[in-house]
Amino acid sequence: MKRKKKVAILISGKGSNMRALIEDMKNADHPGEATLIISDKKTAEGVVYAKQHNLKTRIIDQNIGSQSDFEHQLAVLIKENKIDLICLAGFMKILSGKFLKDFEQIIINIHPSILPLFKGLQTHKKALNSGMALHGATVHEVTSDVDEGRILGQAIVPILSDDTEETLRHRVLQVEHKLYPIVLRRVLAGKTGNPVLLVD
Ligand code: GRF
């Protein structure tokens, strides 16, 4: 059997997408293994889950110093653990162009909107205010331009007339948990030809 690719997941918060990725990677047929979880917040909820599941978990404090100090520590961990691919999953720190260039493998991210619409924060509010009937999530390659990079998959949900930011966030998060594992499998298997499309 082929060697499993080593996946690092970077989080800052709840880590529900991280959990969806880890759960899928527990399957024997998965091309990847969850090798390392990194959080830039000691108190992130996802850290508790990762530790409870005996996954190697490291904190690089977001207030450690300069961006380059942070990225130096990150690069050391990534190298030491021979990571093949990085998944950002609710990781709030922006990685510099230098870090992205130095790590030659692909880095992917999940963003809660149908990119290129609604980059940045408060995407559910922006979607509600837009008057659109659709919203969703995107998994994309990470580049030095935030929320840019090749789109690898998108999931679409309806916006309902009585939606609030919270109900919409919840609906989008449910499809994020389906989309991200599918895209990760495809990327690890080298199948990045056509983007994945999920319509709820
Ligand atoms: C998700 O909506 C993700 O798209 C965005 O941040 C949120 C993280 O949620 N980047 P969680 O920590 O995975 O629960």
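The basis for the numbers below is simple: all heavy atoms, side chains too, and nothing from hydrogens, waters or symmetry mates. Predicted, not measured: the structure shown is a model, and the values here were computed from it.
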Within this structure, what is the [atom1]-[atom2] distance for the pair [X] and [Y], rounded to the nearest 0.5 Å?
X    : Y    : atom1 : atom2 : answer
I64  : H72  : CD1   : NE2   : 9.0 Å
L179 : I110 : CG    : CD1   : 5.0 Å
T164 : R169 : OG1   : CZ    : 9.0 Å
S113 : Q154 : OG    : CD    : 8.0 Å

What salt bridge (charged side-chain N to carboxylate O under 4.0 Å, His left out) pairs are there with at least one residue in [range], not counting sequence neighbours?
range            : answer
residues 96-108  : K98-D102
residues 146-163 : K119-E148, E141-R150, D163-R171
residues 48-75   : none

Looking at every non-hydrogen atom in both residues, tell me the closest pair between [X] and [Y] and how far apart they are.
X    : Y    : answer
V172 : G136 : CG1-O, 3.5 Å
S144 : G97  : CB-CA, 3.8 Å
P195 : G153 : CB-N, 4.2 Å
S130 : A127 : OG-O, 2.6 Å
Y180 : I108 : OH-O, 3.2 Å
C87  : V7   : SG-CG1, 3.9 Å

Without swapping roles, check the side chain of [X] against the backbone of [Y] for a donor-acceptor pair under 3.5 Å.
X    : Y    : result
T43  : K41  : no
T138 : L115 : yes
S12  : M92  : yes

Are [Y] and [X] co-members of a hydrophobic cluster defined by side-chain heavy atoms under 4.5 Å apart?
X    : Y    : result
I86  : I38  : yes
V48  : F91  : no
L88  : L184 : no
V196 : I107 : no
I83  : L100 : yes

- prompt: Who are the side-chain contact (heavy atoms from CB on, under 4.5 Å) partners of V187, not counting sequence neighbours?
  reply: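 For V187 the side-chain contact (heavy atoms from CB on, under 4.5 Å) partners, ignoring immediate neighbours, are L85, I106, L152, V183, T192.
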Are [X] and [Y] packed together at the side-chain level, in the sense that at least one heavy-atom pair is separated by less than 4.5 angstrom?
X    : Y    : result
I182 : L198 : yes
R19  : I11  : no
E80  : L36  : no
L197 : I156 : yes
K93  : Q67  : yes
E176 : P112 : yes
L74  : L10  : yes
M25  : I9   : yes

field: Identified salt bridge (Lys or Arg N to Asp or Glu O under 4.0 Å) partner of D84 from the options K5, K79, R3, K4
entry: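 With D84 as partner, salt bridge (Lys or Arg N to Asp or Glu O under 4.0 Å) holds for just one option, R3.
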- request: Just do the side-chain contact (heavy atoms from CB on, under 4.5 Å) check on H177 and S16 with the steps written out, would you?
  value: CA-CA 8 Å; H177 299 161; S16 68; 2.8 Å; yes
E33 and K6 ion-paired at < 4.0 Å: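 Judged by the 4.0 Å cut-off on N to carboxylate O distance, E33 and K6 do form a salt bridge.
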task: Mind running side-chain contact (heavy atoms from CB on, under 4.5 Å) on L173 and N17 for me, showing each step along the way?
output: CA-CA 8 Å; L173 203 53; N17 278 291; 3.8 Å; yes
message: Show, in sequence, the C-alpha distance, side-chain angles and deciding distance for K82 and T35, and conclude whether the side-chain contact (heavy atoms from CB on, under 4.5 Å) test is met.
response: CA-CA 9 Å; K82 300 188 170 53; T35 303; over 6 Å; no
message: Under the ring pair (Phe, Tyr, Trp, His ring centres under 6.0 Å) definition, can you give me all pairs with a residue in residues 34-71, not counting sequence neighbours?
response: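 Every ring pair (Phe, Tyr, Trp, His ring centres under 6.0 Å) pair that includes a residue of residues 34-71, provided the two are not neighbours, is Y49-H53.
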field: Pairs where residues 102-152 contributes a residue and the test ring pair (Phe, Tyr, Trp, His ring centres under 6.0 Å) is met, not counting sequence neighbours
entry: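 Sorted result for residues 102-152: H124-H135.
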- request: Would you please test I37 and I22 for side-chain contact (heavy atoms from CB on, under 4.5 Å) and show each step?
  value: CA-CA 10 Å; I37 309 299; I22 290 171; 4.0 Å; yes
message: Surrounding NZ of K26 (heavy atoms of other residues, nucleotides or ligands, distance under 6.0 Å), is the total greater than 12?
response: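 Result for NZ/K26: enclosed.
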